[in-house]
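Here the structure is laid out as structure tokens; the discussion comes afterwards.
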Amino acid sequence: MEAAFGLWLVLLGVSHGVQTSCDGRQDGAQCYGALGGTVVLQLTDDASEIFKFQWSNKTTRILSWRNTKMVSNLIEDRSSFTPSNGTFRINDLSRTDGGDYTLTMFDSTGKIIETRALQLTIQGVETSCDGRQDGAQCYGALGGTVVLQLMDDASEIFRFLWSNKKTILSWRDNKIVSNQIGNRSSFTPSNGTFMINDLSRTDGGDYTLIMFDSDGKPAEQRALQLTIQAPVSSVLLDSECLSQGEMRVSCSSEGGDSPQYSWTLDGQTLTDAQLLSGSNESENITLRQDVSGQLVCSVRNHISSVSKEETISTCGFIFIACILSNGTHVSQWVLEASNTLCIKPTTASTTTTEGKEPSLTVSNSSSTNVTDHSLLICGLRAAVVILILIGIAVYFAWKKKKYKIAEGSAVPRKMDYRDDSALMIEVRSSASKL
Ligand SMILES: *[C@@H]1O[C@H](CO)[C@@H](O)[C@H](O)[C@H]1NC(C)=O
Ligand SMILES: *[C@@H]1O[C@H](CO)[C@@H](O)[C@H](O)[C@H]1NC(C)=O
Ligand SMILES: *[C@@H]1O[C@H](CO)[C@@H](O)[C@H](O)[C@H]1NC(C)=O
Ligand SMILES: *[C@@H]1O[C@H](CO)[C@@H](O)[C@H](O)[C@H]1NC(C)=O
């Protein structure tokens with residue numbers, strides 16, 4: 001369903017940042033890279049099959065390939081292109097690497113044969129957490145940065161140690177005595193914040209801050225739990241029609257730890273009335289036959305949130321309910337395009353547009369209503385016709401009587417005869433209209 005969204009993405013906890021991969025062979029691919037990390041973009045299949053191509057962002061040509069050779073690579077020092085599988089690997093990603101790229105392929109006569117767009121988004125997740133309360137629960141993003149507030153002002157504390165299995169940060173007499181991860185962290189004494197960059201899974205765990213007074217006695221102790229999660233980086237929506245016209249929709253996310261799902265339709269949380277299985281928080285859901293609109297799946301964990309939206313239409317099923325000529329009761333969902341049953345009743349299809357599936361009793365009563373209704377109309381028509389016929393009969397009887405009384409009068413009443421014929425035509429046409 002999402003073929004154009006040719007994206008596959010794997011997050012690997014590599015020591016030097018996060019590595020992501022993305023299939024950019026489809027036009028319009030959306031790719032993600034982590035700040036400071038590596039992205040592997042598949043631009044083509046086998047580059048040797050392409051006479052010439054250029055890969056450029058909005059302003060600059062990055063790669064230029066011609067005659068089985070890379071003519072130029074503007075970021076050669078931190079990237080590599082593998083011709084045999086068409087992948088371009090970029091290391092040490094910075095925010096400026098993000099943007100829109102275009103691959104333009106040419107044939108040997110210099111004519112453009114294809115262009116493909118690729119959007120690269122660089123994410124560097126920074127989280128912060130107030131660790132001044134004992135038992136604080138903090139989250140950091142894999143490859144990202146966390147800012148932990150350990151205290152208000154370190155100058156007010158004579159000595160402290162911040163440790164998990166061993167001491168990480170040691171402070172005494174207004175000085176940092178030691179910082180075991182000093183190459184990727186910084187402590188700001190004036191506001192007591194400790195910032196750790198390039199987070200890896202091993203940074204997760206239970207930390208303890210022990211503060212000592214000037215006598216060297218422990219004055220206070222605080223625990224902090226740090227959990228490192230990989231960001232949710234891509235969301236794919238996949239939908240398929242099931243045999244009874246229900247629609248199964250799967251929301252899959254790649255890379256993220258502990259993903260939590262939520263669904264909305266046209267901006268409203270999905271309700272149980274729209275769902276045949278699953279809930280507004282399921283990964284996979286089955287929508288009722290009559291549900292359509294703008295469907296959004298959001299996937300979040302503590303450090304990231306990504307969503308994907310898609311306009312969905314129904315699977316083309318209608319609910320039919322009627323009694324066939326052989327007496328069989330029919331009430332079911334059928335593919336509208338190939339349906340031959342219950343063609344006449346319109347009440348059944350109006351029922352389907354309501355939220356709830358019409359139950360058997362509801363559909364039975366609605367088909368009975370159809371019968372009652374048409375009987376009533378027939379009866380009314382018959383009554384009207386009979387009344388008109390009686391009226392005509394009475395009129396003629398009265399006329400005949402009048403003529404008998406007027407017999408012998410010298411003036412023939414031609415005009416009256418014309419009036420009579422006009423009246424009869426009028427009666428006939430109004431009767432046939434019924
Ligand atoms: C603490 O100070 C540092 C350095 O001035 C600053 O970057 C950071 O935003 C401050 N944090 C808080 C919570 O005030
Ligand atoms: C899902 O629905 C339940 C019950 O209707 C509601 O309490 C919950 O907040 C909803 N979840 C989301 C993510 O909207
Ligand atoms: C959702 O569906 C996918 C396949 O479409 C399956 O791999 C996954 O296990 C399902 N998840 C749940 C929670 O059933
Ligand atoms: C009635 O007609 C329908 C459709 O023509 C058929 O499928 C069904 O088997 C019939 N029922 C009986 C009881 O003959």
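Whatever order the structure lists them in is the order used to number ligands and atoms, beginning at 1.
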For this session: Using modelled atom types only, decide if a donor and an acceptor are shared between the side chain of Arg222 and the backbone of Ala136 within a distance under 3.5 Å.
Result: no
Below 4.0 angstrom, N of the basic side chain to O of the carboxylate: do Glu310 and Lys308 qualify? no
Verify whether the ring centers belonging to Phe81 and Phe53 lie closer than 6.0 Å.
yes
**Message:** Ring centroids only, cut at 6.0 angstrom: are Phe160 and Phe194 within range, meaning strictly under it?
**Reply:** no
Take Gln260 and Ser258, measure what side-chain contact (heavy atoms from CB on, under 4.5 Å) needs, and give me the verdict at the end.
CA-CA 6 Å; Gln260 291 178 302; Ser258 315; 6.0 Å; no
Item to complete: Ignoring hydrogens and angles, tell me if any N or O in the side chain of Gln268 forms a donor-acceptor pair with the backbone of Leu265 under 3.5 Å.
Response: no
Near Asn280 (heavy-atom distance under 4.0 Å), the atoms of ligand 2 are 1 (C), 2 (O), 3 (C), 8 (C), 10 (C), 11 (N), 12 (C), 14 (O)
inquiry  = Can you tell me if Arg248 contacts ligand 3 (heavy atom of the residue under 4.0 Å from the ligand)?
reply    = yes
Ile168 side chain near Asn179 side chain, heavy-atom distance below 4.5 Å:
yes
The atoms of ligand 3 lying under 4.0 Å from a heavy atom of Ser250, numbered in the order shown, are 5 (O)
In chain-and-number order, ligand 4 lies under 4.0 Å from a heavy atom of each of Leu324, Asn326, Thr328
Evaluate Glu281 for polar contact with ligand 2, using N/O atom pairs at a separation under 3.5 Å.
yes
Problem set entry | Trp65 side-chain N/O to Ala47 backbone N/O, donor-acceptor pair under 3.5 Å | yes
Test item: Val296 and Ser298 side chains (from C-beta on) under 4.5 Å apart, heavy atoms = yes
So the atoms of ligand 2 within less than 4.0 Å of a heavy atom of Ser262 turn out to be 13 (C)
Glu283 heavy atoms within 4.0 Å reach ligand 3 at atoms 11 (N), 12 (C), 13 (C)
The atoms of ligand 3 lying under 4.0 Å from a heavy atom of Asn284, numbered in the order shown, are 1 (C), 2 (O), 3 (C), 8 (C), 10 (C), 11 (N), 12 (C), 14 (O)
For Thr269, the atoms of ligand 2 under 4.0 Å from one of its heavy atoms are 14 (O)
Checklist entry - Does the Asn301 side chain pair with the main chain of Asp257, one donor and one acceptor, at a distance under 3.5 Å? => result yes
